[in-house]
Amino acid sequence: QVQLVESGGGLVQAGGSLRLSCASSGPTFGWFNMGWFRQAPGKEREFVAAISWKGGTTYYLDSVKGRFTISRDNAKNTVYLQMNMLKPEDTAVYYCAADSKIGTKVDDYDYWGQGTQVTVSS
């Protein structure tokens, strides 16, 4: 059983920052590659960022490069997404995901959290 729980979402003004957290209650967090995805109303779920199980490799959606940073703390079974310089187009439900293989596609991941809402006002 792997359970992922996101937190840290909320309402923020454009240009502001938020840090999302994803805590795992499962026993094998350190063996998983982790990803962040987001989904806005009426749109497909899209890749945002990913990090390898040791944390040495990361990938980002082009539009968030330089603004978002993914990191993980395996001792705490937690992955983070630091979001700076937020824009209204970043508004979406953000999901964390886990799999034994790193990827940038929704279908690459088998385990998903419930999501946390991020709303950026202009």
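Just so you know, these numbers use all the heavy atoms, side chains as well, and skip hydrogens, waters and symmetry mates. The structure displayed is predicted, hence computed values, not measured ones.
- Although no hydrogens or angles enter the test, the distance criterion places no donor-acceptor pair under 3.5 Å between the side chain of Arg45 and the main chain of Gln39.
- No side-chain donor-acceptor contact under 3.5 Å links Asn33 and Ser52.
- Ser100 OG to Trp31 CH2: the interatomic distance, rounded to the nearest 0.5 Å, is 11.0 Å.
- In this structure, Tyr59 and Ile51 have side chains that are not in contact, with every pair of non-hydrogen atoms separated by 4.5 Å or more.
- Rounding to the nearest 0.5 Å places OG of Ser24 at 15.0 Å from NZ of Lys76.
- Outside the 6.0 Å centre-distance limit, the rings of Tyr95 and Phe37 are not counted as a close aromatic pair.
- Counting heavy atoms from C-beta on, the side chains of Met83 and Tyr94 come closer than 4.5 Å.
- Here the closest non-hydrogen pair linking Leu11 and Ser121 is CD1-CB, 4.4 Å.
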Go through Leu20 and Trp36 one step at a time and tell me if the side-chain contact (heavy atoms from CB on, under 4.5 Å) criterion holds. CA-CA 10 Å; Leu20 306 183; Trp36 284 97; 3.7 Å; yes
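- Residues Leu4 and Trp112 form no side-chain contact, since every pair of their non-hydrogen atoms from C-beta on lies 4.5 Å or further apart.
- Residues Ala92 and Ala40 approach most closely at CB-N, 3.9 Å, considering heavy atoms.
- The OG1 atom of Thr116 sits 11.0 Å away from the CG atom of Leu81 when rounded to the nearest 0.5 Å.
- Among the candidates Val118, Leu86, Val120, the single residue satisfying the side-chain contact (heavy atoms from CB on, under 4.5 Å) test with Thr91 is Val120.
- One hydrophobic cluster holds both Ile70 and Val64 under the rule that ILVMFWY side chains link at heavy-atom gaps under 4.5 Å.
- With a 4.5 Å cut-off on side-chain heavy atoms, Phe32 and Val2 count as touching.
- Cluster membership check: Tyr111 shares its hydrophobic cluster with Val79, using side-chain heavy-atom separations under 4.5 Å among Ile, Leu, Val, Met, Phe, Trp and Tyr.
- Side chains of Phe68 and Asn84 form no contact here, defined as non-hydrogen atoms less than 4.5 Å apart.
- Closest approach of Gly103 and Ala50 over heavy atoms only: O-CB, 3.7 Å.
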In sequence, state the C-alpha distance, the side-chain angles, and the governing distance for Ser17 and Gln82, and then conclude on side-chain contact (heavy atoms from CB on, under 4.5 Å). CA-CA 8 Å; Ser17 298; Gln82 178 67 46; 4.0 Å; yes
Start with the C-alpha gap between Lys87 and Asp90, add the side-chain angles, then the distance that decides, and say whether salt bridge (charged side-chain N to carboxylate O under 4.0 Å, His left out) holds. CA-CA 5 Å; Lys87 303 175 181 180; Asp90 295 319; over 6 Å; no
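- Residues Asp99 and Asp108 have side chains not in contact (no heavy-atom distance under 4.5 Å, counting atoms from C-beta outward).
- The cationic group of Arg72 does not satisfy the cation-pi geometry with Trp53, failing either the under 6.0 Å distance to the six-membered ring centre or the 45° limit from the ring axis.
- At least one donor-acceptor pair closer than 3.5 Å links the side chain of Glu6 to the backbone N or O of Cys96.
- Note that CZ of Arg38 and CD of Glu89 are 8.0 Å apart. Values are rounded to the nearest 0.5 Å.
- Of all heavy-atom pairs spanning Ala49 and Tyr60, the tightest one is CB-CD2, 3.7 Å.
- The NZ atom of Lys54 sits 10.5 Å away from the CG atom of Asn74 when rounded to the nearest 0.5 Å.
- When hydrophobic clusters are built by joining Ile, Leu, Val, Met, Phe, Trp and Tyr residues whose side-chain heavy atoms come closer than 4.5 Å, directly or via intermediates, Leu61 is not grouped with Tyr80.
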